[in-house]
Amino acid sequence: MEWPSCLNEYEKLIIRMDTPRVVIDNAVCATATLVKVDSARKHGILLEAVQVLTDLNLSIKKAYISSDGRWFMDVFHVTDQFGRKLADDSVISYLEQSLDMKEHDFHRPDSAEGLTVLELTGADRPGLLSEVFAVLADLCCGVVDAKVWTHNGRIACLVTVKDKLSGRPIDGDPQLLHHVESRLRHVLKGDHGVCGARTAVSSTPVAHTDRRLHQMMFSDRDYERHSPSAASSTSPAVSVQNWVEKGYSVVAVQCRDRPKLLFDVMCTLTDMEYVVFHGTIDTDGDLAQQEFYIRHKDGSPISSEAERQRMIQCLEAAIERRATEGIRLELCIEDRAGLFSEVTRTFRENGLLVTRAEVSTKGDTASGVFYVASDAAGQPADPKAVDAVRQRIGADYLTVKEEQRPQYRSKAGDDGDEEAQGSGGVGVGLFYLGNLFRRNLYNLGLIKSCS
């Protein structure tokens, strides 16, 4: 927004206060709903806005980010998981209320009060998850929910538990709590006493599990550990260059589009204490291109080759952690003591490695999603092994599901975005460098085309 030169900062503030912070527009674009967020710039506030959108399973097809250092306006082009504009008034109303809340109101816990949260990180190995669940079952700890990520030979796990008999949090019994921590730490270290195993216990519900898992793996420095088979044609391409004249570092990402991609990238930029001043996000079919103009919180751009390489490694890791590797199996069965340990042990006995998992119990029902592969590199699982596991657990209870991916619309032939089409042969790099500010001034609040 351009201000008349006669206005002072106080007058600008009054105008800002009278302007709606959130505008949701279904009329401007034929294929997506526009969500505009205008707010004071605070570290992490952009991530919070993206988090709200991704928690509703919305796909961000395009976005424009612009800030003058004090205020920002972000414009998101979103669709539902089926690639359609938002039509549900209750979803739109919830979105408006959630995005219009003050910063501290964004943090709504995923887990209920009165439970104990276990945070586990360490070296991954076949059967590790089964051993973790076995320890919890042996110590009468009921699993309320759990989420597991693996990447580059490391594992991060958030498990919410309660005392199976009393239903109370286990941190009310210091002796039991010490025993649980000790045994889990031993399991994480393994027979060879692998270093880097960490356990932590909290009675405070996790505000956002995916956010916390990113922080845990970032703290575990999973981005430094690369396996020879890690690189592939589907690996993300990341470049970092400095725009010296403007004092920005320019981060460009190109990879296969998927749900929550922007959220994962923003988590890492925020954890590394960088501020996004301007940015563009664009998708064409299943290809995503993202570009961010960033500075460190102290106002400085990236200043060394080591820092640049670390940024590249961290962003690659953030994207790869949630990348789908393996066959998706969905579980829905009557809950019983030691169920999750039994299921994951059956995977191990049939040569299947769990690369990612999310499980929960509600009442008498246990449910979960497991991604299984033949090895840590994500090589396809043997269909015979998958069938054997299903027969053992129950084919009606464990089913093979296709990964749900958003519907894509190709921009090929769309006259509304010649610049994006023209960048197709450039590859990762400064594919919007000369036009970013002009594009943002045009698009922020004045978008006439979805292209």
- [ ] Mind running ring pair (Phe, Tyr, Trp, His ring centres under 6.0 Å) on Tyr64 and His278 for me, showing each step along the way?
- [x] CA-CA 8 Å; Tyr64 305 93; His278 305 278; over 10 Å; no
Spacing of [X] atom [atom1] and [Y] atom [atom2] [to the nearest 0.5 Å]:
X: Asp55; Y: Leu95; atom1: CG; atom2: CG; answer: 11.0 Å
X: Gln290; Y: Cys255; atom1: CD; atom2: SG; answer: 6.5 Å
X: Gln51; Y: Cys267; atom1: CD; atom2: SG; answer: 7.5 Å

- [ ] Check each of Thr268, Asp264, Asp271 against His214 using the side-chain hydrogen bond (donor to acceptor under 3.5 Å, both in side chains) test, and report the only one that passes.
- [x]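 The single option meeting the side-chain hydrogen bond (donor to acceptor under 3.5 Å, both in side chains) with His214 is Asp264.
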Task: Residue among Thr209, Thr361, Thr160 satisfying side-chain hydrogen bond (donor to acceptor under 3.5 Å, both in side chains) with Asp145 - done: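 Exactly one candidate clears the test, Thr160.
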Salt bridge between [X] and [Y], side-chain N to carboxylate O under 4.0 Å?
X: Lys61; Y: Asp282; result: no
X: Asp210; Y: Lys260; result: yes
X: Glu119; Y: Arg198; result: no

Task: Side-chain touch Met272/Cys314, heavy atoms, less than 4.5 angstrom - done: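 Touching, per the 4.5 Å side-chain cut-off.
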Open item on the list: Within the 4.5 Å heavy-atom criterion, are Tyr223 and Arg310 side-chain neighbours or not?
Closed with: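 Yes - at least one pair of side-chain heavy atoms lies under 4.5 Å apart.
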- [ ] Begin with the C-alpha distance, continue with both residues' side-chain angles, and end with the deciding distance and a verdict on side-chain hydrogen bond (donor to acceptor under 3.5 Å, both in side chains) for Thr283 and Asp257.
- [x] CA-CA 7 Å; Thr283 60; Asp257 188 31; 4.7 Å; no
Task: Check: His151/Asp124 side-chain N/O donor and acceptor closer than 3.5 Å - done: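 Result is no, nothing qualifies.
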TODO: Please confirm whether Arg295 makes a cation-pi placement over Tyr274, using NZ or CZ under 6.0 Å from the six-membered ring centre and within 45° of the ring normal.
DONE: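 Here Arg295 fails the 6.0 Å and 45° test against Tyr274.
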TODO: Evaluate the criterion salt bridge (Lys or Arg N to Asp or Glu O under 4.0 Å) for residue pair Asp220 and Arg154; output intermediate values, then yes/no.
DONE: CA-CA 8 Å; Asp220 193 46; Arg154 307 298 293 179; 2.7 Å; yes
- [ ] Could you tell me whether Lys147 atom NZ has more than 12 heavy atoms of other residues or ligands within 6.0 Å of it?
- [x]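 Check passes, neighbour count above 12.
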